[in-house]
Amino acid sequence: MNETAVVVEDLVKTFPTGGEPLRAVDHINFTIQQGEVVAFLGPNGAGKTTTIDMLLGITAPTSGRVELMGLDAEKGARSGRVSAVQQTRGLLDDFTVHETMRVVGSTFKLPRSRIDEQMRVWGLEDYASRKVRKCSGGQQQRLRFALAMLPDPDLLLLDEPTMGLDVDGRRHFWSQMHQAADEGRTIIFATHYLGEAEEFADRVILINHGKIIADGPIAEVRASVSGSTVTAVWPGVDAAILDRLPHVNHYDVKSDTIAFTTDESDDLVRHLLNHTEAHDVLVARTTLEDAFLSLTSESNDQTEDAS
Ligand SMILES: Nc1ncnc2c1ncn2[C@@H]1O[C@H](COP(=O)(O)OP(=O)(O)OP(=O)(O)O)[C@@H](O)[C@H]1O
């Protein structure tokens with residue numbers, strides 16, 4: 001059964017500024033099927049949080065439509081089928097950890113056993129009676145995860161979920177999310193950590209300046225930035241020589257090392273070693289990070305050209 005979890009149609013959000021309104025989300029469209037794990041990637045200010053806030057019904061779209069599990073955003077959030085972990089919101093400072101869990105559990109009429117289980121799963125028992133404001137950032141984040149999982153949601157929306165977590169916390173979080181995904185839940189997360197997207201997501205939606213600039217399986221997005229990176233040590237090489245090299249799409253000079261992107265790495269390596277002074281030549285396949293940098297810089301160029 002492949003139910004549609006999320007539909008986003010021609011979604012726009014503009015914010016007033018002193019002058020020209022700021023279009024934080026600019027006519028985006030996507031559909032996510034139940035059971036997909038999707039990473040929203042994008043540089044600071046790309047529009048990831050604004051998009052997630054519209055999915056959650058926290059921010060009203062300027063125009064366009066959002067549907068979650070067949071419900072509009074607000075009803076989706078109220079139903080308990082959709083849960084969120086957000087960067088800063090969602091906790092009351094003067095409640096203890098256990099009280100917070102109980103209050104949220106009672107709004108969904110959950111049995112005590114479910115609350116105890118999630119306290120255990122997220123390692124909250126050791127500081128159950130601590131006030132939220134006295135918990136560390138990582139402990140508060142664990143509480144947010146426990147609260148999000150409490151109603152056994154079908155869809156999880158996570159805005160930079162592992163920010164501020166130590167290595168153990170991060171590992172524990174992702175192992176729980178792996179389990180949640182294996183159970184067929186849909187997971188959408190915004191992240192700056194390309195490694196997390198690469199390791200965990202089936203699909204990546206790359207956002208820049210409020211627009212989707214790539215959407216697809218990680219391997220496809222990586223491959224859309226064609227070819228490989230070839231690096232070589234070549235002290236004092238002239239730009240005029242680099243400009244004339246065959247088989248090169250693009251190059252960057254960092255002191256004595258030149259990084260080339262190419263679709264024909266074998267031919268380029270052969271040329272460099274046989275016909276030039278370059279040495280210590282290395283070939284690496286394009287990483288998601290290369291794709292991310294290349295696609296965002298292309299879209300920055302287009303935005304500059306348009307303005
Ligand atoms: N309430 C608001 N009022 C005015 N501008 C806003 C508001 N919220 C966000 N913006 C602007 O909208 C743009 C997108 O912001 P958003 O927080 O969605 O980006 P992001 O991709 O989540 O960034 P980050 O990775 O830094 O968290 C930014 O330019 C931001 O300054």
Side-chain angles (χ1 to χ4, degrees), residues 2-91 107 144 147-148 151 153-161 163 185-192 197 201-216 221 292 295-296 299-300 302-303 306-307:
N2 223 3
E3 207 185 311
T4 300
V6 178
V7 178
V8 162
E9 254 175 33
D10 208 21
L11 198 62
V12 175
K13 179 70 190 181
T14 52
F15 290 111
T17 65
E20 187 82 357
L22 178 97
R23 193 171 286 174
V25 173
D26 193 359
H27 297 280
I28 62 170
N29 292 280
F30 56 83
T31 301
I32 293 174
Q33 300 303 324
Q34 207 166 325
E36 271 193 281
V37 179
V38 180
F40 277 163
L41 272 178
N44 288 133
K48 303 180 296 292
T49 299
T50 309
T51 303
I52 288 184
D53 285 354
M54 286 192 281
L55 292 179
L56 287 170
I58 294 169
T59 297
T62 305
S63 62
R65 192 173 78 90
V66 170
E67 194 182 288
L68 304 181
M69 325 295 298
L71 304 167
D72 69 29
E74 246 172 82
K75 282 200 191 113
R78 276 206 308 269
S79 69
R81 295 184 69 196
V82 181
S83 275
V85 174
Q86 293 163 285
Q87 283 175 37
T88 49
R89 299 190 188 101
L91 298 178
T107 62
R144 286 194 187 93
L147 292 171
D154 295 322
L155 170 63
L156 279 156
L157 289 162
L158 312 166
D159 194 1
E160 296 183 34
M163 201 166 66
R185 286 177 235 267
T186 312
I187 300 175
I188 302 173
F189 65 101
T191 185
H192 288 124
D202 310 317
R203 169 178 167 192
V204 54
I205 297 181
L206 190 53
I207 303 179
N208 198 22
H209 299 299
K211 289 191 162 75
I212 293 178
I213 54 172
D215 178 358
V221 171
F292 177 86
L295 290 165
T296 49
S299 99
N300 288 344
Q302 281 161 12
T303 310
S307 60

Salt bridge or not for Asp159 and Lys48, using N-O below 4.0 Å?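 Result for this pair is no, no salt bridge flagged.
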
Can you find a heavy atom in the side chain of Pro43 that is under 4.5 Å from one in the side chain of Asn208?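 In short, these two side chains touch, coming nearer than 4.5 Å.
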
Could you tell me the separation between the [atom1] atom of [X] and the [atom2] atom of [Y], rounded to the nearest 0.5 Å?
{"X": "Leu55", "Y": "Thr50", "atom1": "CG", "atom2": "OG1", "result": "11.0 Å"}
{"X": "Ile207", "Y": "Asp215", "atom1": "CD1", "atom2": "CG", "result": "9.5 Å"}
{"X": "Arg23", "Y": "Thr17", "atom1": "CZ", "atom2": "OG1", "result": "12.5 Å"}
{"X": "Leu56", "Y": "Leu68", "atom1": "CG", "atom2": "CG", "result": "7.5 Å"}
{"X": "Thr31", "Y": "Gln33", "atom1": "OG1", "atom2": "CD", "result": "7.0 Å"}
{"X": "Leu206", "Y": "Ile213", "atom1": "CG", "atom2": "CD1", "result": "4.0 Å"}

What pair of heavy atoms forms the shortest contact from [X] to [Y], and how long is it?
{"X": "Asp26", "Y": "Lys211", "value": "OD2-NZ, 2.7 Å"}
{"X": "Ile212", "Y": "Asn29", "value": "CD1-O, 3.6 Å"}
{"X": "Arg65", "Y": "Leu11", "value": "N-CD1, 4.0 Å"}
{"X": "Ser83", "Y": "Ala148", "value": "OG-O, 2.7 Å"}
{"X": "Thr191", "Y": "Ala197", "value": "CG2-CB, 4.3 Å"}
{"X": "Thr186", "Y": "Ala5", "value": "OG1-CB, 3.6 Å"}

Arg203 and Ile32: side chain to side chain contact (heavy atoms under 4.5 Å, CB included), yes or no, with the steps? CA-CA 10 Å; Arg203 169 178 167 192; Ile32 293 174; 3.8 Å; yes

If you apply the rule side chain to side chain contact (heavy atoms under 4.5 Å, CB included), what do you find for Leu155 with Ile188, and how did you get there? CA-CA 8 Å; Leu155 170 63; Ile188 302 173; 4.1 Å; yes

Between Thr59 and Asp53 (side chain of the first, backbone of the second, donor and acceptor by atom type, cut-off under 3.5 Å), is there such a pair?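 No: the side chain of Thr59 does not pair with the backbone of Asp53.
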
Given 3.5 Å as the limit, does a donor-acceptor pair link the side chain of Asp202 with the main chain of Val37, or not?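 A pair under 3.5 Å: yes.
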
